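Note that the structure is predicted; figures quoted are calculated from it, not measured.
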Amino acid sequence: MSMVIIEKLTDEQVNQKGIKKWPIWTKEASTFDWYYDSDEECLILEGEVDVKTDERTYTIKAGDFVTFKKGLKCVWNVKKPIRKHYNFK
């Protein structure tokens with residue numbers, strides 16, 4: 001099972017999940033290590049990032065709904081400033 005799951009949601013799915021009520025996180029272009037100690041779901045509103053894991057590198061862009069699984073170790077390379085709704089499970 002992949003530790004990074006990228007999906008496209010319909011407007012109806014976004015509304016059903018209540019994503020627009022989730023907090024917003026922003027980050028300028030940068031590179032940093034990250035570890036997920038719980039599952040995170042997020043909807044990318046703006047920007048682009050390459051997330052490098054042990055299995056591969058994922059390119060994530062505006063419009064992507066991403067689930068990062070608990071235990072994931074990765075390196076974020078923010079290529080265009082990121083703005084996202086996020087929720088830890």
Side-chain angles (χ1 to χ4, degrees):
M1 177 183 185
S2 179
M3 298 291 280
V4 179
I5 302 161
I6 302 171
E7 306 171 81
K8 296 287 189 189
L9 299 183
T10 64
D11 289 342
E12 183 178 334
Q13 289 171 311
V14 169
N15 291 334
Q16 285 174 345
K17 289 180 173 281
I19 291 172
K20 292 179 181 176
K21 295 177 183 172
W22 294 356
I24 290 180
W25 181 82
T26 60
K27 185 69 173 171
E28 70 283 351
S30 58
T31 301
F32 58 93
D33 295 336
W34 194 254
Y35 174 76
Y36 289 88
D37 55 11
S38 61
D39 287 357
E40 179 189 349
E41 298 176 316
C42 60
L43 178 64
I44 308 301
L45 301 171
E46 298 173 8
E48 182 177 335
V49 60
D50 286 338
V51 176
K52 183 177 183 200
T53 71
D54 287 342
E55 54 186 21
R56 61 177 271 210
T57 298
Y58 298 86
T59 298
I60 299 167
K61 299 179 180 182
D64 290 340
F65 180 77
V66 188
T67 303
F68 297 102
K69 302 303 279 181
K70 179 179 180 178
L72 175 67
K73 293 179 186 176
C74 58
V75 176
W76 276 57
N77 178 15
V78 181
K79 297 160 78 174
K80 297 178 185 171
I82 287 286
R83 187 169 170 260
K84 69 177 184 174
H85 281 295
Y86 70 95
N87 181 50
F88 288 101
K89 294 178 111 184

**Request:** Give the cluster check for Leu43 versus Ile5: same hydrophobic cluster or not, with ILVMFWY residues linked at side-chain heavy-atom distances below 4.5 Å.
**Result:** no
Quick one: [atom1] on [X] to [atom2] on [Y], what's the gap to the nearest 0.5 Å?
X     : Y     : atom1 : atom2 : answer
Asp37 : Lys70 : CG    : NZ    : 7.5 Å
Ile19 : His85 : CD1   : NE2   : 8.0 Å
Glu46 : Thr26 : CD    : OG1   : 9.5 Å

**Request:** Find out whether Lys73 and Asp54 are in side-chain contact, i.e. whether some heavy atom of one side chain is under 4.5 Å from a heavy atom of the other.
**Result:** no
**Set of side chain to side chain donor-acceptor pair (under 3.5 Å) partners for Lys69, sequence neighbours left out** = Asp39
Sequence neighbours excluded, which residues qualify as side-chain contact (heavy atoms from CB on, under 4.5 Å) partners of [X]?
X     : value
Lys21 : none
Asp50 : Thr57, Thr59, Asn77, Lys79
Glu28 : Ser30

**Message:** Using a 4.5 Å cut-off between side-chain heavy atoms of Ile, Leu, Val, Met, Phe, Trp and Tyr, which other residues end up in the same hydrophobic cluster as Ile6?
**Reply:** Met3, Val4, Trp25, Phe32, Trp34, Tyr36, Ile44, Val49, Val51, Tyr58, Ile60, Val66, Phe68, Leu72, Trp76, Val78, Ile82, Tyr86, Phe88
**Item:** Residues forming a salt bridge (charged side-chain N to carboxylate O under 4.0 Å, His left out) with Lys80, sequence neighbours excluded
**Value:** Glu48
**Request:** List for me each residue that meets salt bridge (charged side-chain N to carboxylate O under 4.0 Å, His left out) alongside Lys20, sequence neighbours excluded, and say none if there are none.
**Result:** none
**Pairwise side chain to side chain donor-acceptor pair (under 3.5 Å) hits with a residue in residues 4-14, at least two apart** = Lys8-Asp64, Thr10-Gln13, Glu12-Gln16
**Request:** Kindly indicate, with the supporting measurements, whether the criterion side chain to side chain contact (heavy atoms under 4.5 Å, CB included) is fulfilled by Lys89 and Asn87.
**Result:** CA-CA 6 Å; Lys89 294 178 111 184; Asn87 181 50; 4.1 Å; yes
**Request:** Determine the minimum heavy-atom distance between Lys17 and Trp22, stating which atoms define it.
**Result:** O-NE1, 3.7 Å
